[in-house]
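Since the structure comes first, as structure tokens, the remarks are kept for the end.
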Amino acid sequence: MAAPLTMSMDLHYNMNISNISEPKHPNFFPKISRYPIRKSTIFCNSSKSPPNLEEPQKNSSLSDQLKPLSKTILSENAKEQAQLLIKPPKSTWVNPTKPKPSVLSLQRQKRSPYSFNPQIRDLKLFAKKLNDSDYTSDEAFFSILEEIPHPVTKENALLMLNSLKPWEKALLFFNWVKTQNLFPMETIYYNVTMKSLRFGRQFGLIEGLANEMIENGIELDNITYSTIITCAKRCNLFDKAVEWFERMYKTGVMPDEVTYSAVLDVYAKIGKVEEVMSLYERGRASGWKPDHIAFSVLCKMFGEAGDYDGIRFVLQEMKSLEVQPNLIVYNTLLEAMGKAGKPGLARSLFEEMVESGVTPNEKTLTALVKVYGKARWSKDALELWDRMRSNGWPMDFILYNTLLSMCADLGLEEEAERLFEDMKQSQHCRPDSFSYTAMLNVYGSGRKVDRAMELFEEMSKRGVDLNVMGCTCLIQCLGKSQRIDDLVRVFEVSIKRGIRPDDRLCGCLLSVMSFCDNTEDADLVLGCLGRANPKLVAFISLLMEEGTKFETLKEEFKAILTDAQLESRRPFCNCLIDICRKRNLQERAHELLYLGTIFGLYPGLHKKTAGEWSLNVRSLSVGAAHTALEEWMISLLNIVEREEALPELFSAYTGAGTHKFSQGLASSFASHIEELAAPFRLSDDRVGCFVATRDDIVSWAQSRVPSPALTA
DNA sequence: CTAGGGTTAG
């Protein structure tokens with residue numbers, strides 16, 4: 001085998017450098033009066049996207065992009081900037097010798113007044129006829145157009161353009177009007193057409209129209225730009241959105257607050273917090289009073305980043321500008337608080353909202369249920385459910401489904417059943433595949449395999465499609481009960497019904513395989529896995545072959561992990577280790593754990609301080625935790641042998657097992673400690689923690705009876 | 001969707 005001693009040393013070495021990724025704690029920063037841009041951006045460049053995954057695009061920072069602007073328009077006086085950061089600018093500009101710096105126009109673009117068109121009824125009907133018509137060629141469309149009941153005046157054309165859908169028809173009409181040469185095509189016709197194209201996410205066509213406007217000298221106004229920018233955003237073409245925003249300044253069009261907040265949202269969506277804050281501050285310095293929409297953009301951004309300081313900043317800004325949150329801002333705030341891990345604050349904010357007379361809607365309640373679910377506050381969540389029923393607050397199927405999945409997460413079987421029945425009785429909503437998935441999850445984690453299969457049959461009867469997640473829950477449940485024949489049947493049916501297995505389903509099949517006691521069952525599961533991910537099956541064969549070289553394993557495993565979704569990588573490794581241990585391939589298990597460590601799947605597995613070394617196996621499967629313990633003991637043996645320095649205390653964390661996946665880890669870890677005769681004992685004061693002193697370790701190492709698990 | 005910006009499920 002690949003030399004175990006060096007490997008254990010390597011593993012050890014790697015464990016030392018892996019303790020940089022600590023769970024963040026929002027209270028880390030002291031209280032601040034303004035949002036600390038620099039600190040928090042580092043703080044919230046969170047582990048969400050790994051460094052090797054591509055950024056949405058490579059923009060130069062906005063501050064670079066706006067540099068020419070800042071030279072000409074913005075004050076470069078640092079003192080003045082600093083003052084602006086402390087005090088919001090007053091509405092009257094005190095120093096008339098200095099021009100007011102401006103990045104946005106405080107005047108919203110005026111819209112032409114709507115005038116009543118007496119022909120509206122006829123034209124709407126005609127538009128509906130066109131909308132419903134199923135023509136086969138453009139010519140056919142044009143020939144119907146000839147029947148237009150009124151002359152195509154400027155107003156009538158606008159009305160038609162606004163009523164035609166989908167975008168193909170609106171665009172055809174627009175082009176038709178253009179060729180008729182009835183009147184010059186002004187900005188508004190382009191704007192209305194672009195809006196229609198935006199519904200169809202036709203950014204290429206929108207850009208084409210914009211270029212046509214430029215070529216023909218037709219003015220692009222704020223409405224044009226904001227439509228282009230938001231379309232680019234919806235098409236995930238963020239570089240395009242920024243490009244058109246910059247073009248505004250270059251062509252001398254000052255964005256108004258609508259365009260400005262659209263751009264804020266562009267930067268927020270790609271997580272460029274610093275750019276958003278820079279724009280925000282510049283806007284504020286220009287005398288802009290952000291409205292509800294701008295604040296909800298900021299809230300959403302900080303929520304996504306889990307940045308509580310950012311959320312506090314938004315609250316404080318709203319307070320100092322005397323902007324009362326509206327329903328949407330409250331909803332965004334509640335969700336953000338949940339993501340920042342502040343369920344208590346979310347709860348009091350919700351009470352404040354109700355007291356201030358804002359009636360919660362479905363989204364409010366959904367957000368709050370999610371907050372409580374994540375915090376595992378089942379009591380609050382269930383009380384909220386009672387309260388929404390007695391207050392007659394609006395409920396929709398998403399809220400029902402959110403409640404159901406919360407019950408699934410917290411193992412609230414009876415409550416889930418009640419909700420599910422409620423939903424079936426309800427006038428407005430029927431359980432859909434999401435609801436069934438939640439129920440399958442409930443029965444799956446409660447090991448109610450018969451109930452789960454009943455649901456599966458019920459779904460077929462009611463014509464509810466099983467989705468990939470429901471399939472995964474059911475397969476997990478069947479696997480745990482060793483009902484492999486049913487498992488294969490469910491898998492086959494699922495594939496036949498068009499479910500495309502994802503990494504989670506593969507991980508689930510792997511875990512089922514890891515606890516199959518006989519080879520026939522394991523091979524059946526392997527057969528399913530082969531249909532879902534043949535590469536993974538090939539890798540398992542490599543693991544089982546005696547002659548496979550470590551380097552080969554390393555390359556192949558790397559390829560598997562690269563292909564896998566981020567959140568499935570560690571489960572893959574855990575299950576593969578378990579599969580190896582089940583087949584007594586301990587060396588392979590150690591090799592896999594080592595590879596998992598160097599590929600960064602187990603950050604924070606081992607931590608060292610001057611006084612204590614600790615092993616944290618909470619994110620490991622049972623087999624992986626056993627392997628890690630063996631690896632740790634081997635490296636400790638070596639250190640004692642070489643008489644190197646050891647700390648006073650050693651600890652191994654398995655966690656208290658409150659999470660449904662981690663149950664049983666502590667007890668099986670304890671029995672493995674016993675098997676190895678390792679000198680650890682359950683800590684009295686630390687839950688889910690095994691401890692040993694330096695003396696324990698040293699005397700164990702010196703008087704140790706050789707154990708096969710700990711020898712080369 | 002009455003020419004433009006913000007919020008719901010694993």
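Labels below follow one simple rule: chain letters A, B, ... track the order of the sequence lines, proteins then strands, and each chain is numbered from 1.
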Roughly how many Å apart are dG4(B) and dA9(B), using the P atom of each and rounding to a whole number? 25 Å

Under 6.0 Å between the ring centres of F174(A) and Y190(A)? yes

Pairwise C1' distance, dA3(B) and dT7(B) [rounded to whole Å]: 24 Å

Under 4.0 Å between any heavy atoms, over every strand shown, what does D396(A) touch: base, sugar-phosphate, or nothing? Just pick one. base

Are the aromatic rings of F420(A) and Y400(A) close, with centres under 6.0 Å apart? no

Can you classify the ring geometry of W288(A) versus Y260(A) as parallel (below 30°), tilted (30 to 60°) or perpendicular (above 60°)? perpendicular

Is it true that N401(A) and D432(A) share a donor-acceptor pair across their side chains at a distance under 3.5 Å? yes

Across nucleotides 2-7 of chain B, 5' to 3', mark each nucleotide with B, S or - according to how protein heavy atoms within less than 4.0 Å reach it. SBBBBB

Strictly below 4.0 Å: does K370(A) bring a side-chain N or O up to OP1 or OP2 of dA9(B)? yes

Pairwise P distance for dG6(B) and dT2(B), with rounding to whole Å: 14 Å

Decide whether a cation-pi geometry holds between K342(A) and Y308(A); the criteria are a distance under 6.0 Å from NZ or CZ to the six-membered ring centre and an angle within 45° of the ring axis. yes

Measure centre to centre between the rings of Y443(A) and Y436(A), then say whether the value is under 6.0 Å. no

